[in-house]
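Below is one structure, written out as structure tokens, with a few remarks after it.
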Amino acid sequence: MRHAARSMLAALLLAPALATGAWAGSDDVVVENAWSRASIGTSRPGAAYMEVRNAGEEAVTLTGLQSDLAMVSEIHRVTTDDRGVSSMAPAGAIVIAPGETVAIAPGVMHVMLMQLQRPMREGESFPLTLNFSDGGEVPVPVPVLGIAARGPEG
Ligand SMILES: [Cu+2]
């Protein structure tokens with residue numbers, strides 16, 4: 001698996017890709033359209049979204065993530081029952097097949113940022129690191145959009 005060793009280097013080399021909304025953290029895993037919403041203070045958890053694409057030829061397993069913005073960061077899956085009541089639970093390990101994209105998108109999944117260490121302010125961005133089962137780490141800068149944003153275009 002090539003992405004572990006090269007992820008930090010790729011992150012540095014590809015920093016200008018931020019402007020286009022694309023972020024290639026490694027040869028194998030590409031994170032695109034990362035975004036989050038501004039928070040009201042730090043008393044409630046924040047949420048972030050992104051698309052994680054496996055551009056490699058072997059399956060990869062996303063096992064978790066972390067950020068210095070939050071004490072605990074988890075990927076949650078959202079389910080809606082027969083009565084239209086939605087609830088969320090940790091998504092667990094997510095296997096991404098070669099060529100497949102996992103959308104961490106509103107109504108489906110979110111990155112839940114619990115115990116925020118500082119407010120999420122519109123116009124700023126914060127670093128998030130995705131962890132994979134082979135030990136690889138993919139750093140992702142996440143832009144903070146407005147408090148009512150619904151997607152990466154705002
Ligand atoms: Cu959640």
Side-chain angles (χ1 to χ4, degrees), residues 3-4 7-8 10-26 28-55 60-96 100-133 135-154:
H3 76 264
S7 63
M8 286 309 292
L12 294 172
L13 293 176
L14 295 173
L18 240 186
T20 66
W23 181 266
S26 72
D28 292 344
V29 173
V30 181
V31 179
E32 295 168 308
N33 298 321
W35 64 284
S36 62
R37 286 188 199 94
S39 69
I40 303 172
T42 57
S43 59
R44 297 183 62 193
Y49 307 92
M50 66 199 68
E51 293 164 7
V52 185
R53 180 159 57 92
N54 180 2
V60 295
T61 303
L62 176 57
T63 54
L65 40 77
Q66 77 256 351
S67 174
D68 66 359
L69 176 68
M71 290 289 281
V72 181
S73 304
E74 286 180 350
I75 299 173
H76 287 173
R77 195 179 293 280
V78 179
T79 52
T80 305
D81 70 13
D82 298 344
R83 296 170 299 158
V85 178
S86 48
S87 56
M88 61 184 178
I94 299 172
V95 178
I96 311 173
E100 190 176 288
T101 298
V102 167
I104 300 174
V108 184
M109 283 194 278
H110 52 259
V111 174
M112 193 132 177
L113 303 160
M114 290 167 276
Q115 300 173 54
L116 292 177
Q117 300 300 291
R118 55 184 186 272
M120 297 165 70
R121 293 197 177 88
E122 184 173 358
E124 296 181 351
S125 70
F126 64 91
L128 196 65
T129 301
L130 305 188
N131 301 118
F132 290 85
S133 60
E137 297 188 342
V138 176
V140 182
V142 182
V144 180
L145 306 183
I147 202 157
R150 291 165 173 263
E153 262 74 68

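Side chains included, hydrogens not; waters and symmetry mates left out as well; all remaining heavy atoms used. Residue numbers start at 1 and run along the sequence shown.
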Please tabulate, for side-chain N and O atoms in residues 36-45, each donor-acceptor pair with protein atoms closer than 3.5 Å (sequence neighbours left out).
from: Ser36; atom 1: OG; to: Pro143; atom 2: O; distance (Å): 3.1
from: Arg37; atom 1: NE; to: Ala149; atom 2: O; distance (Å): 2.6
from: Arg37; atom 1: NH1; to: Tyr49; atom 2: OH; distance (Å): 3.3
from: Arg37; atom 1: NH2; to: Ala149; atom 2: O; distance (Å): 3.4
from: Ser39; atom 1: OG; to: Gly41; atom 2: O; distance (Å): 2.8
from: Ser39; atom 1: OG; to: Met120; atom 2: N; distance (Å): 2.9

Using a 3.5 Å cut-off and no angle test, enumerate the donor-acceptor pairs between side-chain atoms of residues 107-118 and protein atoms at least two apart in sequence or in another chain.
from: Gln117; atom 1: NE2; to: Gln115; atom 2: O; distance (Å): 2.8

Validation: residues 65-72 side-chain donor-acceptor distances under 3.5 Å, sequence neighbours left out:
from: Ser67; atom 1: OG; to: Leu69; atom 2: N; distance (Å): 3.1
from: Ser67; atom 1: OG; to: Pro127; atom 2: O; distance (Å): 2.8

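In this structure the side chain of Asn54 never reaches within 4.5 angstrom of the side chain of Glu100, judged on heavy atoms.
Of the options Val60, Val52, Thr63, a side-chain contact (heavy atoms from CB on, under 4.5 Å) to Leu130 is made by Val52 and by none of the others.
Minimum interatomic distance between Pro106 and Trp35 (heavy atoms only, all atoms of both residues): CG-CZ2, 3.7 Å. Across every non-hydrogen atom of Asn33 and Pro152, the tightest pair is CB-CG, 3.9 Å.
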Please report the C-alpha distance between Val102 and Leu62 in whole Å, then the side-chain angles of each, then the deciding distance to 0.1 Å, and finally whether the side chain to side chain contact (heavy atoms under 4.5 Å, CB included) criterion is met. CA-CA 10 Å; Val102 167; Leu62 176 57; 6.0 Å; no
Apply side chain to side chain contact (heavy atoms under 4.5 Å, CB included) to residues Ile96 and Ile94 and explain how you reach the verdict. CA-CA 6 Å; Ile96 311 173; Ile94 299 172; 4.2 Å; yes
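In this structure, CZ on Phe132 lies 9.0 Å from OG1 on Thr61, to the nearest 0.5 angstrom.
Every residue meeting the salt bridge (charged side-chain N to carboxylate O under 4.0 Å, His left out) condition with Arg53, not counting sequence neighbours, appears here in chain and number order: Glu32. For Asp81, the salt bridge (charged side-chain N to carboxylate O under 4.0 Å, His left out) partners two or more places apart in sequence, or in a different chain, are Arg83. Applying the side-chain contact (heavy atoms from CB on, under 4.5 Å) test to Thr80 and every residue at least two apart in sequence or in another chain returns Ser86.
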